Amino acid sequence: MELHLYNTLTRQKELFRPIRDGEVRMYHCGPTVYQRPHIGNYRAFLFADLLRRVLELADLKVTQIMNLTDVGHLVDDAEEGDDKLEAQARKDKLDPWQIVEKVSAQFFEDMNALGVQPAHAYPRATDHIEEMVEMVEKLIEMKHAYRVGDNVYFDVHSFPSYGRLSGNRIEDLEAGARLEVNDEKKHPADFALWKSDEHHLMKWDTVFGPHGFPGWHIECSAMARKFLGDHFDIHTGGEDNVFPHHECEIAQSESALNGPFVNLWMHTKFLQVDGGKMGKSLGNAYTLDDLAERGFSALDYRFLMMRGSYRNSLNFTWEALKGAAEARRNLNDFRSRLLGEGGEPEEMNLESLGAESAVAKARVAFRKALADDLNTSESLAALFVLRNAYVHGELDAAEYPVALALLAEADSVFGFFDSIESGGLSDQEIDQLIQERGEARAAKDFARADAIRDELTAAKITLEDTPDGVKWFRG
RNA sequence: GCCGGCAUAGCCAAGUGGUAAGGCAACGGAUUGCAAAUCCGUCACCCCCAGUUCGAGUCUGGGUGCCGGCUCCA
């Protein structure tokens, strides 16, 4: 399975080739744990999860790292900055460390509900102060950075390809009216590697002084290096990370390490709400709890994200979520019906199918779409085409086991199927109840008939009264 | 002011030169004691204008709208 992935750096899809054969190392910019992440944040993390699963589908061994930013960065680049973690702490009357613990726990709970496979490590910035300081010292030594008092800045002119990722030019940045002027810096576009402020609560005593804290971007450079090495395969984040965050990471890392940093940069577009932007101040930055209040599960949301392409902004509406929830249910029922008709998942054996088999076609389409820059929309459509073939009676019963195997493979990538619960009733018991219901219906005792149907529903058994008689399935 | 992206049916969305995937909703019908269950069927010429081409949703130019970056932010 050859993957073609879009690289922000080159602005085109590229054939993906890992640096080490059969092995992928990737880093994801994770949450700043000062407030519970909203569904927009989770779009990026769901993408990271999807990418990992597709890489594994392609038989690659993946090492996946996601950082937790537990030190608040400055709200702006002015000399006197505020720290959003500390600001939140003041608001909640907690100390910053308590906020970090509380929000991190919430984050992992949400990720679990979303069916995200845990990364191999979630390093925290505050656990890696030493590594950051070391890198900053190295940059000073190599004349890529300069110290002004207890502050340290990166000299963007020392890195010729600064701006390559984002398409910005240093001259344009300079002309940008919104750039804060800071007299300390040699150049307005230079960025902070280390800052000092005695009023900060989260601060460290280092060679740069007693009241220091890391700059905006150094944590990712330091932690990525520690966990993945100097040169690794993939780095992802939201589109807002392209500049300045990732641009600065590249500058720092490639300068300090004197070599290539990351081969492939991938970014997810923002989620929009009702056609416009999402924002806390707009009151539409929903959390998973807001979704649950309206009766939607985290997996419904996951499904909604899989219906669109990560490289296009996706418009979140309640109607769209409703549609996703329904569609997910239909796919779930498809699998349940196959199981109900005696199918057991089988090892995929394409050769025995014949190219004309609906299952074989679906699998080819499913994988081909994913391999083309994670086209989940098209990939998902292949599953619905297969479902339609089944519903229209075009699927031979002998193909049910392979169809189920394909759905299992699909689940390994999409991860939105519900687990099948038997509800504690045996087939015999269920048949017995259905027979009783039939008798009750014949005797026009509909109260009794509906009671049985409700009982089965409660046990996760779905009944379908068809012209051919009653059909049932679990799930 | 400077960069970049997007614009497809009521809603979500795929499609990168060859005549519009898929899902949801809606509507008509079947079935049913009823059904929110199930099944059958119907449902778009792709923001506007001008070009290129035998042929454009797909390429080029202009316009309009929305989104992102230039400021912590997925």
Side-chain angles (χ1 to χ4, degrees), chain A residues 8 11 28-32 34-35 37-48 69 72-78 81-85 87 163 166-169 171-180 189 216 236-245 247 267-272 275-280 285 303-304 307-309 311-331 333 337 365 369 375-385 387-388 391-393 440-442 444-446 449-450 453 457 462-468 471:
Chain A
T8 305
R11 289 170 181 74
H28 312 291
C29 281
T32 300
Y34 75 111
Q35 252 180 25
H38 50 69
I39 58 174
N41 300 115
Y42 286 125
R43 182 183 197 192
F45 306 147
L46 283 168
F47 164 73
T69 298
H73 296 304
L74 294 179
V75 172
D76 60 48
D77 194 26
D82 204 354
D83 173 309
K84 65 186 174 188
L85 228 165
S166 61
N168 284 322
R169 281 177 311 229
E171 312 84 75
D172 292 336
L173 291 173
E174 186 168 18
R178 300 170 69 186
L179 204 64
E180 286 288 338
W216 307 356
T236 78
E239 60 174 321
D240 53 320
N241 282 155
V242 175
F243 192 92
H245 188 55
E247 191 75 68
H267 297 94
T268 53
K269 285 283 184 187
F270 269 25
L271 189 68
Q272 290 181 232
K277 71 174 70 176
M278 175 164 82
K280 293 189 178 102
F303 189 98
L304 179 63
R307 297 179 80 183
S309 150
R311 272 204 297 132
N312 280 125
S313 57
L314 192 150
N315 190 23
F316 177 90
T317 62
W318 290 108
E319 193 179 356
L321 182 60
K322 175 84 167 44
E326 271 306 307
R328 187 174 80 89
R329 210 201 84 238
N330 282 335
L331 222 45
D333 286 355
R337 284 203 252 173
N375 189 336
T376 47
S377 186
E378 211 167 279
S379 176
L380 211 46
L383 302 182
F384 277 99
V385 169
R387 177 182 183 272
N388 289 340
V391 167
H392 296 161
R441 290 172 74 197
K444 306 239 185 262
D445 182 0
F446 299 122
D450 289 345
R453 187 168 68 192
T457 301
T462 302
L463 293 193
E464 287 174 4
D465 293 331
T466 75
D468 301 329
K471 291 183 178 177

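Just so we're clear, the structure is a prediction, and the values are computed from it rather than from any experiment. Residue numbering restarts at 1 for every chain, and letters A, B, ... go by the order of the sequence lines.
Nucleic acid contact for A:D450: base, since at least one base atom lies under 4.0 Å from a heavy atom of the residue. Within the nucleic acid shown, A:F446 comes within 4.0 Å of at least one base atom, counting heavy atoms only. Within the nucleic acid shown, A:K277 comes within 4.0 Å of sugar-phosphate atoms alone, with no base atom in reach, counting heavy atoms only. The residue A:P31 sits apart from the nucleic acid: no heavy atom pair falls under 4.0 Å. Residue A:L271 is in base contact, counting any heavy-atom pair closer than 4.0 Å across all strands shown. At the heavy-atom level, A:A327 lies under 4.0 Å from the strands shown only through sugar-phosphate atoms. Within the 4.0 angstrom heavy-atom criterion, base atoms lie near A:G40. Using a 4.0 Å heavy-atom cutoff across all strands shown, A:F243 reaches sugar-phosphate atoms only and no base atom.
Base pairing annotation: B:rU42 forms a Watson-Crick or G-U wobble pair with B:rA26, both donor-acceptor distances under 3.5 Å.
Separating the C1' atom of B:rA36 from that of B:rC24 is a span of 15 Å, rounded to the nearest Å.
Atom CG in A:N312 sits about 18 Å away from atom P in B:rG4, given to the nearest Å. Summarising the geometry, the separation between NE2 on A:H38 and P on B:rA74 is reported as 6 Å, rounded to the nearest angstrom. The distance from atom NE2 of A:H245 to atom P of B:rC70 is 13 Å, rounded to the nearest whole Å. Taking atom CZ of A:R43 as the reference point, atom P of B:rC67 lies 16 Å away to the nearest angstrom. Between A:E378 atom CD and B:rA14 atom P the separation is 10 Å, expressed in whole Å.
For A:T236 against B:rA74, no side-chain N or O and base N or O form a donor-acceptor pair under 3.5 Å. If you check distances only, the side chain of A:R453 does reach the base of B:rA35 with a donor-acceptor pair under 3.5 Å.
Using a 4.5 Å heavy-atom threshold, the side chains of A:H28 and A:F45 count as separate. No side-chain heavy atom of A:R441 sits less than 4.5 Å from a side-chain heavy atom of A:R453.
Between B:rA7 and A:N315, no contact under 4.0 Å exists linking OP1 or OP2 to a side-chain N or O. Distances shown here put every side-chain N or O of A:K269 at or beyond 4.0 Å from the OP1 or OP2 atom of B:rC67.
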Could you give the side-chain donor-acceptor pairs of residues 318-328 of chain A under 3.5 Å, partners two or more places apart or in another chain?
| unit_1 | atom_1 | unit_2 | atom_2 | d |
| --- | --- | --- | --- | --- |
| A:E326 | OE1 | A:R329 | NH1 | 2.7 |
| A:E326 | OE2 | A:R329 | NH1 | 3.4 |
| A:R328 | NE | A:D300 | OD1 | 2.8 |
| A:R328 | NH1 | A:F416 | O | 2.7 |
| A:R328 | NH1 | A:D418 | OD1 | 2.9 |
| A:R328 | NH2 | A:S297 | OG | 3.4 |
| A:R328 | NH2 | A:D300 | OD1 | 3.2 |

Exercise. How does protein reach along nucleotides 38-48 of chain B, written 5' to 3' as B (base within reach of a heavy atom under 4.0 Å), S (only sugar-phosphate), or - (no contact)?
Worked result: SSS--------

